Amino acid sequence: MTDDQIPHTFQVDLRGLVDLLSHHLYSSPKVYLRELLQNAVDAITARRAADPGAPATVRLVAEDGRLRVEDSGIGLTEGDVHDLLATIGRSSKRDDAVHEGLESARSEFLGQFGIGLLACFVVAEEIRVVSRSAKEHGALPVEWTARDDGSYTVRTLPDEARPEPGTTVHLNARRGAADWLSEERVTALAEDFGSLLPYDVRVGDTPVTDRPAVWERAHPGPAARRAALARHCQELFGFAPLDSIDLDVPLAGVRGVAYVLPQAVSPAQRAGHRVHLKGMLLTDRADDLLPDWAFFVRCVIDTDSLRPTASRESLYDDERLAAVREALGERVRDWLAGLAAGDQERLRQFLAVHHLGVKSLARHDADMLRTMLPWLPFETSDGHLSLEEFAQRHPVVHFTTGVEEFRQVAPIAAAQGIGVVNGGYTFDADLVRLLPRVRPGTTVAELDAETVTAHLDHVDAADELALSGFLSAARARLDALGCDVVVRAFLPVTVPALHLDDRSARHERAREEEESKADDLWTSILGSLRDETPRARLVLNHLSPLVRRLGALEDRDLAGTAAEALYGQALLMAQRPLRPADSALLNRAFLGLLEWAAHPTTASEEGR
């Protein structure tokens, strides 16, 4: 072997590694306590694999910036100390007889000794481990002391230093980190991370573990169980749930409960689910545990099948997680179906708050849409109804794709007997379109200006002729705005004019507005996109006394100003966004009418 082929060993800067752990791998220094608990629980698991009757205790004592964690686990020999503690990155997954006790229970382990113990350097400048092995009869205790400069010492201790097998870890806080080792902080962290651990864990004399989990305990009856779960939710998440949903999926190795939020939340809001791995809290911010549509619940689960990421603070997104996500979603579906079948009052209470989540699910689940048709609320021209009831009333279910469109036409449509659903809210238009699929024979159509106009009554030719002067003046003023003017008779009479357009007309208006602001090149391009057919309509109501009086105006300029005022009022009633041209028209019409009101004779003479 030549000189340039001689192998070399990496040199590790421990302080740099600690900085990497604290600032990049772990989200908070608090994970040091989780790593200590993991090591202790794994050591007990390993010992019990060989001796099921072995003690299973973990004790934490915090005082004066020091922490002592003592377990009754399998312990370490001097060889284990060198292999598992002093070699960074070394896993205990080896087939050597030395590691037989640890490896025998590997499938039940939470973590591994190597990198986990190094996490303690995030809060401590010195780590001292005193351990006695249960694998070797008569083995003496061994002490491993390490500092954050990368140095360590190992020595054998006399028998009385630790009479029984197990391990004790001593931490001395680094400057500025003493609070992390205070009794109050250690107790809070231990309770948060370790409440579901399978062994007896205590901070001083305070119990940490609280097993079995509340959802697995025996209760006197259903009401007592619901009350216990509600208290648990209040303590864990800070709210009293509307209901709780069991999430027991044995085949997926998942047990837990989902709590239904008492108030509506945005679908975009990220969920904060709590995930325990073999009893140890892995994360309280899991946002990919349930399907996106289930944003109305917060859940807590314990699993022994899902894989953690390297930091053990989140879940590895793989096929296993996808299968669990689908299984948990199925539990929520079953709960909803159960309410629809047997507890309709609770279903109504739930939908009053969380109909948006169910609508999101129903878009992709025909069975759920079919089940929820009688219950999901929609805004319609007949009031708030379910699609099932609305479809029974109307042979054709019309819908709008915008809230403004619906508000514009709903009163008119209701008076004319047209059934219209407001599809402007999230998911509603999609669900209306799906209606024929789950309710055969139902006709669905998007509402447009032609449909509304066709349902309005025509006026007699003589009446329209009497309005011809006013109509001519109105059309002359509004033609530049891309708006036609027609006259019809409709209810209610309190609506003098109705502004109607559809998506094509709005698209054309937007194109024209952009064309007016564009340079020559874009003007040419936008002009090529011009659609000659769609135009908005101002429909004058011949039944309105105001329209009839305006129709008798002889002053053409005043008639044009009045038509502009009617157009502006109709736009405002429809809650349409105003273009600059619309705003200018409203201002001009308002000032013109004020001028006429102040000087009617002068204004009339100037008009002539």
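Quick caveat: nothing in here was measured; it's all calculated off a predicted structure.
- A donor-acceptor pair under 3.5 Å is absent between the side-chain atoms of Thr209 and the main chain of Arg211, judged by distance alone.
- The structure places CD of Glu388 at 12.0 Å from CZ of Arg393, a figure rounded to the nearest 0.5 Å.
- Ion pairing between a basic and an acidic side chain is recognised when a charged N comes within 4.0 Å of a carboxylate O; Lys278 and Asp42 show no such pairing.
- Across every non-hydrogen atom of Ser266 and Phe295, the tightest pair is O-CD1, 4.3 Å.
- For the pair Gln234 (side chain) and Ala240 (backbone), a donor-acceptor distance under 3.5 Å is present.
- Within the 3.5 Å criterion, the main-chain N or O of His170 finds no donor-acceptor partner in the side chain of Arg66.
- Screening Trp293, Phe427, Tyr425 against Lys359 for a side-chain contact (heavy atoms from CB on, under 4.5 Å) leaves a single residue, Phe427.
- A donor-acceptor pair under 3.5 Å is formed between the side chain of Arg225 and the backbone N or O of Trp215.
- Counting only distance, with no hydrogens or angles, the side chain of Thr371 and the backbone of Asp367 share a donor-acceptor pair below 3.5 Å.
- Here the shortest heavy-atom pairing between Val208 and Ala190 reads CG1-O, 3.0 Å.
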Quiz item: salt bridge (charged side-chain N to carboxylate O under 4.0 Å, His left out) between Arg59 and Asp200: does it pass, once the steps are laid out?
Solution: CA-CA 8 Å; Arg59 296 290 180 267; Asp200 180 24; 3.0 Å; yes
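- In this structure, the separation between CG on Leu196 and CD1 on Ile301 is 11.0 Å, given to the nearest 0.5 Å.
- By the side-chain contact (heavy atoms from CB on, under 4.5 Å) test, Gln263 is found to be paired with Leu261, Val265, residues two or more places apart in sequence or in another chain being considered.
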Quiz item: Checking salt bridge (charged side-chain N to carboxylate O under 4.0 Å, His left out) for the pair Arg333/Glu326: CA distance, chi angles, key distance, verdict?
Solution: CA-CA 10 Å; Arg333 286 189 186 91; Glu326 180 58 33; 3.3 Å; yes
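- At distances below 3.5 Å, at least one donor-acceptor pair connects side-chain atoms of Asp318 with backbone N or O atoms of Arg320.
- Salt-bridge formation is not detected for the pair Arg307/Glu319: no Lys NZ or Arg NE/NH1/NH2 atom is positioned less than 4.0 Å from an Asp or Glu carboxylate oxygen.
- More than 12 heavy atoms of other residues, nucleotides or ligands shown are found within 6.0 angstrom of CG on Asp246.
- Tested against Val397, the residues Leu447, Val421, Thr443 include a single side-chain contact (heavy atoms from CB on, under 4.5 Å) partner, Val421.
- Heavy atoms only, all atoms of each residue included: Val260 and His354 are closest at CG1-CD2, 3.9 Å.
- With hydrogens and angles disregarded, a donor-acceptor distance shorter than 3.5 Å links the side chain of Tyr259 to the backbone of Leu229.
- For Arg48 (side chain) and Ala54 (main-chain N/O), a donor-acceptor pair under 3.5 Å exists by modelled atom type.
- Atoms CD and CZ, on Glu35 and Phe193 in that order, are 9.0 Å from each other to the nearest 0.5 Å.
- Sparse packing is recorded around CD of Glu164, with 12 or fewer heavy atoms of other residues, nucleotides or ligands lying under 6.0 Å away.
- Within a 6.0 Å sphere centred on CD of Glu191, other residues, nucleotides and ligands contribute more than 12 heavy atoms.
- Under the side-chain contact (heavy atoms from CB on, under 4.5 Å) criterion, Pro55 pairs with Arg47, Ser72, sequence neighbours left out.
- Arg34 approaches Leu281 most closely through the heavy-atom pair CD-O, 3.8 Å.
- Note that CZ of Phe296 and CG of Leu290 are 9.0 Å apart. Values are rounded to the nearest 0.5 Å.
- Atom NE2 of residue His394 and atom OG1 of residue Thr380 lie 6.5 Å apart, to the nearest 0.5 angstrom.
- With values rounded to the nearest 0.5 angstrom, Arg128 atom CZ is found 10.0 Å from Arg68 atom CZ.
- The backbone N or O of Leu376 lies less than 3.5 Å from no partner atom in the side chain of His355, so there is not a single donor-acceptor pair.
- Side-chain atoms of Arg325 come within 3.5 Å of backbone atoms of Asp288 as a donor-acceptor pair (strictly under, hydrogens ignored).
- What you find for Asp302 and Gly279 is that their closest heavy atoms are OD1-N, 2.9 Å.
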